[in-house]
Amino acid sequence: MPNSSSVSEFLLLAFADTRELQLLHFGLFLGIYLATVLGNGLILTAVACNHRLHTPMYFFLLNLAILDLGCISTTLPKAMANTLWDTRAISYEGCAAQVFFLVFLVGAEYSFLTVMAYDRYVAICKPLHYGSLLGSRACAQMAAAAWGSGFVHAVLHTANTFSLPLCQGNAVDQFFCELPQILRVTCSDSYLTETALIMFSVCLGVGCFVFIVLSYVQVFRAVLRMPSEYCRHKAFSTCLPHLSVVSLFLSSIMFAYLKPRFISSSFLNVVVAVLYLVVPPAVNPLIYSMRNRELKDAVRKFFGYLIL
């Protein structure tokens, strides 16, 4: 019966058995990764270089783009390297690092999505108080709290999980080191503390989700009372993308962490992981820019500078 001190590496889930399918998966994920880096990189550059976008909403969007780049860069490069070199191994330390950064970045991202809902609520429901409630100091404090909450969660989950003895071998049923899959190879009578931590995190997540829903109920009520169709369209164009991102992100990640074992399968685990870890970073730049005229204009201006 192996324990954590005798395990030097974990074996991750392989995408396919044949070399042709492995190379196909490598090319697919390489394309997704490069598109994600390009899209989020454009948002970062546009917001940083355009003074008109130096507002709370775009400040939080800039942080979200950084987190998206971090999330996808924590998992996909290693998965692509394993696929290219036809191996499944990841070192024990590398696995612990993946768990730490994933919990850190995913937790911070969800906190920023909550803060962004508050930003939309204040902008639409309390526009006269926007400058006082979301000044530069308040934005910095909320951003620090979001990053800090993710860091604390990551330290607690990683330290507790990797202190547990391993009783089920070192094969992980996922293409990266996912917390629920690591717990499944630990001794079943040893992870009660980690289960309690996960339930605590879930309760916080549900609380944030309730806050987001209540914020948008107030936002939509205020928008529907607007006399101008242009104002309603502009309000919906900034709120609906955020709401779609929150819905996809939260539903997939809660299913990944709370689904019962009897409905678990390797294919389902991979699909759900892709939904919360790969799809949001890839589509967020499209979702946030598709109906956002200011951001599209900033990107066009940036490309204009490059051409000149």
Side-chain angles (χ1 to χ4, degrees), residues 1-17 22 25 70-107 150-205 252-278:
M1 182 168 60
N3 55 52
S4 56
S5 61
S6 63
V7 172
S8 60
E9 66 180 20
F10 288 94
L11 299 178
L12 301 176
L13 181 69
F15 283 118
D17 297 326
Q22 288 177 344
H25 282 101
C71 281
I72 201 167
S73 297
T74 301
T75 54
L76 272 197
K78 177 59 178 174
M80 289 189 295
N82 279 6
T83 301
L84 187 61
W85 302 114
D86 194 17
T87 181
R88 297 172 55 199
I90 182 173
S91 68
Y92 185 89
E93 295 77 12
C95 188
Q98 267 198 350
V99 169
F100 174 82
F101 282 109
L102 277 178
V103 176
F104 172 35
L105 296 168
V106 169
F151 180 79
V152 171
H153 270 85
V155 170
L156 291 175
H157 284 292
T158 307
N160 190 68
T161 299
F162 286 89
S163 66
L164 300 175
L166 303 178
C167 298
Q168 309 295 328
N170 65 338
V172 178
D173 196 24
Q174 188 56 276
F175 66 92
F176 62 96
C177 288
E178 189 181 42
L179 194 58
Q181 303 304 325
I182 298 295
L183 288 177
R184 290 187 179 185
V185 299
T186 62
C187 302
S188 60
D189 58 347
S190 302
Y191 60 75
L192 292 178
T193 304
E194 179 57 28
T195 302
L197 282 173
I198 290 177
M199 293 309 299
F200 176 71
S201 299
V202 168
C203 290
L204 286 178
S252 56
I253 198 170
M254 286 192 70
F255 184 78
Y257 278 74
L258 298 179
K259 69 179 184 295
R261 291 195 177 198
F262 66 85
I263 64 170
S264 180
S265 69
S266 297
F267 176 76
L268 182 62
N269 291 339
V270 170
V271 169
V272 174
V274 168
L275 282 177
Y276 80 82
L277 201 61
V278 177

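Side-chain atoms are counted along with the backbone in the values below, which use heavy atoms only and exclude waters and symmetry mates. The chain is numbered in sequence order, starting from 1.
- Side-chain contact between Val185 and Asn170 is absent, with no heavy-atom pair separated by less than 4.5 Å.
- Residues meeting the side-chain hydrogen bond (donor to acceptor under 3.5 Å, both in side chains) test with Thr87, sequence neighbours left out: none.
- The distance from atom CZ of Phe175 to atom CE of Met80, rounded to the nearest 0.5 Å, is 10.5 Å.
- Distance check: Thr158 OG1 to Leu102 CG gives 9.0 Å after rounding to the nearest 0.5 Å.
- The shortest distance between side-chain heavy atoms of Val99 and Thr161 does not fall below 4.5 Å.
- Counting only heavy atoms from C-beta outward, the side chains of Val155 and Phe104 never approach each other to under 4.5 Å.
- The distance from atom CG of Asn269 to atom CZ of Arg184, rounded to the nearest 0.5 Å, is 6.0 Å.
- Closest heavy-atom contact between Cys71 and Thr75: O-OG1, 3.6 Å.
- How far CG of Leu179 is from CZ of Phe100: 13.0 Å, rounded to the nearest 0.5 Å.
- Considering only residues two or more places apart in sequence or on other chains, Ser201 meets the side-chain hydrogen bond (donor to acceptor under 3.5 Å, both in side chains) condition with His153, His157.
- The CZ atom of Arg88 sits 5.0 Å away from the CG atom of Leu11 when rounded to the nearest 0.5 Å.
- The shortest heavy-atom contact between Ala273 and Gln174 is CB-NE2, 3.5 Å.
- In this structure a side-chain-to-backbone donor-acceptor pair under 3.5 Å is missing from Gln98 to Glu178.
- Rounding to the nearest 0.5 angstrom, the gap separating the CG atom in Leu12 from the CG atom in Asn82 is 6.0 Å.
- Looking at Glu9 and Ile90, their side chains never come closer than 4.5 Å, going by heavy atoms from C-beta outward.
- For Cys177, the disulfide bond (SG atoms under 2.5 Å apart) partners two or more places apart in sequence, or in a different chain, are Cys95.
- Here the side chains of Leu183 and Leu164 are in contact, with some heavy-atom distance below 4.5 Å.
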